[in-house]
Amino acid sequence: MSRLAAGVVLVTAQEPPLDPDDPLAPAGEDVGMTATAFLSVSLDPPLVLVSLREGSRMDDLLDEQPRWAVSVLTESQRHIAGRFAMKGRISDRLLFEDIPYVRGEASGAPLVGGALATLECRTEQRVAAGDHTLVIGRVLTAELPSAEGGPLMYFRGRYRQLG
């Protein structure tokens with residue numbers, strides 16, 4: 001499958017507050033994950049799918065948090081993809097520290113500034129598939145914040161550019 005070129009996205013979500021009944025409780029941490037197994041499923045209704053490694057932090061989070069976001073990364077955002085794909089990485093809070101983003105109105109999740117497109121989603125269905133979970137989300141919002149640059153691609157184990 002390394003011979004199949006894929007676009008690169010950053011999937012993000014915000015953990016629920018530690019105590020949802022206490023309005024003064026601190027908000028949960030932002031979580032992010034680089035994904036290449038992301039695709040459009042349907043236009044009517046608007047549905048997308050992301051494949052998550054079973055038992056990963058994002059898989060566990062999206063099992064309890066139904067709202068999440070996707071930023072379609074540009075070729076100049078390779079550093080963001082690499083940062084959120086690291087194994088044994090530091091806390092997600094530090095990973096977001098110097099990345100420009102806005103918080104999505106529908107999901108509360110970070111949407112990366114300068115991304116080719118951003119989506120906010122609500123989980124419609126989770127499907128166990130081998131060692132992964134396929135998460136199908138209904139698109140709640142879709143924006144095109146940047147028309148600059150081409151998409152970041154992943155092919156033969158490396159990030160690439162079109163052309």
Side-chain angles (χ1 to χ4, degrees), residues 1-14 29-43 46-62 67-104 106-107 109-121 123-163:
M1 295 309 295
S2 70
R3 301 295 172 113
L4 178 63
V8 182
V9 302
L10 183 67
V11 179
T12 57
Q14 186 178 50
E29 188 174 81
D30 292 324
V31 177
M33 182 199 90
T34 302
T36 56
F38 175 79
L39 58 105
S40 171
V41 173
S42 168
L43 291 177
L47 300 173
V48 294
L49 177 147
V50 65
S51 179
L52 307 174
R53 186 175 38 81
E54 183 183 18
S56 67
R57 184 170 185 200
M58 188 61 75
D59 182 36
D60 292 344
L61 176 55
L62 294 192
R67 292 182 183 247
W68 43 282
V70 175
S71 298
V72 179
L73 300 180
T74 68
E75 57 197 8
S76 67
Q77 294 174 319
R78 176 187 307 221
H79 65 288
I80 295 172
R83 179 183 294 187
F84 285 90
M86 286 188 302
K87 293 190 181 356
R89 62 190 198 205
I90 57 177
S91 86
D92 284 53
R93 181 179 49 80
L94 296 174
L95 295 178
F96 281 105
E97 204 166 72
D98 63 345
I99 294 174
Y101 68 86
V102 297
R103 199 161 290 286
S107 66
L111 300 167
V112 176
L116 286 178
T118 58
L119 307 169
E120 292 182 274
C121 305
T123 299
E124 293 277 308
Q125 188 176 359
R126 292 172 54 87
V127 179
D131 60 358
H132 279 66
T133 303
L134 306 179
V135 179
I136 299 170
R138 180 180 295 260
V139 177
L140 303 173
T141 68
E143 301 291 331
L144 302 172
S146 176
E148 298 299 316
L152 181 61
M153 304 295 295
Y154 194 74
F155 179 68
R156 295 183 71 184
R158 294 185 24 217
Y159 296 116
R160 313 273 182 147
Q161 297 175 312
L162 284 180

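Since we're looking at a predicted model, the values are computed, not measured. These values consider heavy atoms only, across backbone and side chains, with no hydrogens, waters or symmetry-generated copies. The chain is numbered in sequence order, starting from 1.
Of all the heavy atoms in Pro145 and Ala117, the pair that sits closest is CD-CA, 3.9 Å. Taking all atoms of both residues into account, the shortest heavy-atom contact from Asp60 to Gly55 is OD2-O, 3.5 Å. Closest non-hydrogen pair, Cys121 versus Val48, comes out as SG-CG2, 3.7 Å. Closest non-hydrogen pair, Ala13 versus Leu62, comes out as CB-CD2, 3.9 Å. Annotation for Thr74 and Gly114: closest pair CG2-O, 3.3 Å, computed over non-hydrogen atoms. Arg53 and Asp59 make their closest contact through O-CB, 3.5 Å (heavy atoms, listed as atom of the first residue, atom of the second, distance).
Annotation: ring-ring contact (aromatic ring centres under 6.0 Å, His included) contacts involving residues 123-155, sequence neighbours excluded, comprise Tyr154-Tyr159.
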Exercise. How far apart are the C-alpha atoms of Val50 and Val70, what are their side-chain angles, what is the distance that settles it, and do they pass the side-chain contact (heavy atoms from CB on, under 4.5 Å) test?
Worked result: CA-CA 10 Å; Val50 65; Val70 175; over 6 Å; no
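Here the side chain of Glu120 pairs a donor or acceptor atom with the backbone of Ser107 at under 3.5 angstrom. Using a distance-only test at 3.5 Å, with no hydrogens or angles considered, no donor-acceptor pair links the side chain of Arg138 to the main chain of Glu124. No donor-acceptor distance shorter than 3.5 angstrom exists from the side chain of Gln125 to the backbone of Leu134, with no hydrogens or angles considered. At least one donor-acceptor pair closer than 3.5 Å links the side chain of Arg67 to the backbone N or O of Ala106. Although no hydrogens or angles enter the test, the distance criterion places a donor-acceptor pair under 3.5 Å between the side chain of Thr12 and the main chain of Pro110.
In this structure, Ile99 and Phe84 have side chains that are in contact, with non-hydrogen atoms separated by less than 4.5 Å. Residues Leu49 and Leu47 are not in side-chain contact: their nearest non-hydrogen atoms beyond the backbone lie 4.5 Å or more apart. Inter-residue side-chain proximity for Val8 and Gln77 is flagged as unmet; no heavy-atom pair is nearer than 4.5 Å. Inter-residue side-chain proximity for Val72 and Pro151 is flagged as unmet; no heavy-atom pair is nearer than 4.5 Å.
Taken to the nearest 0.5 Å, the CD atom of Gln161 stands 9.0 Å off from the OG atom of Ser76. Atom CE in Met58 sits 6.0 Å away from atom CG in Leu61 (nearest 0.5 Å). For the atom pair Arg158 CZ and Arg78 CZ, the distance stands at 8.0 Å (nearest 0.5 Å). The CG atom of Leu119 sits 8.0 Å away from the CH2 atom of Trp68 when rounded to the nearest 0.5 Å. We find the CG-CD distance between Leu152 and Glu75 to be 8.0 Å, quoted to the nearest 0.5 Å. Interatomic distance, CZ of Arg83 versus CG of Leu10, reported as 10.5 Å (0.5 Å rounding).
For CD of Glu29, the number of neighbouring non-hydrogen atoms (other residues, nucleotides, ligands) closer than 6.0 Å is greater than 12. Counting non-hydrogen atoms of neighbouring residues, nucleotides and ligands closer than 6.0 angstrom, the CG atom of Leu43 reaches no more than 12 such neighbours.
Listed by chain and residue number, Val139 satisfy the side-chain contact (heavy atoms from CB on, under 4.5 Å) test with Pro46 (two or more places apart in sequence, or in another chain).
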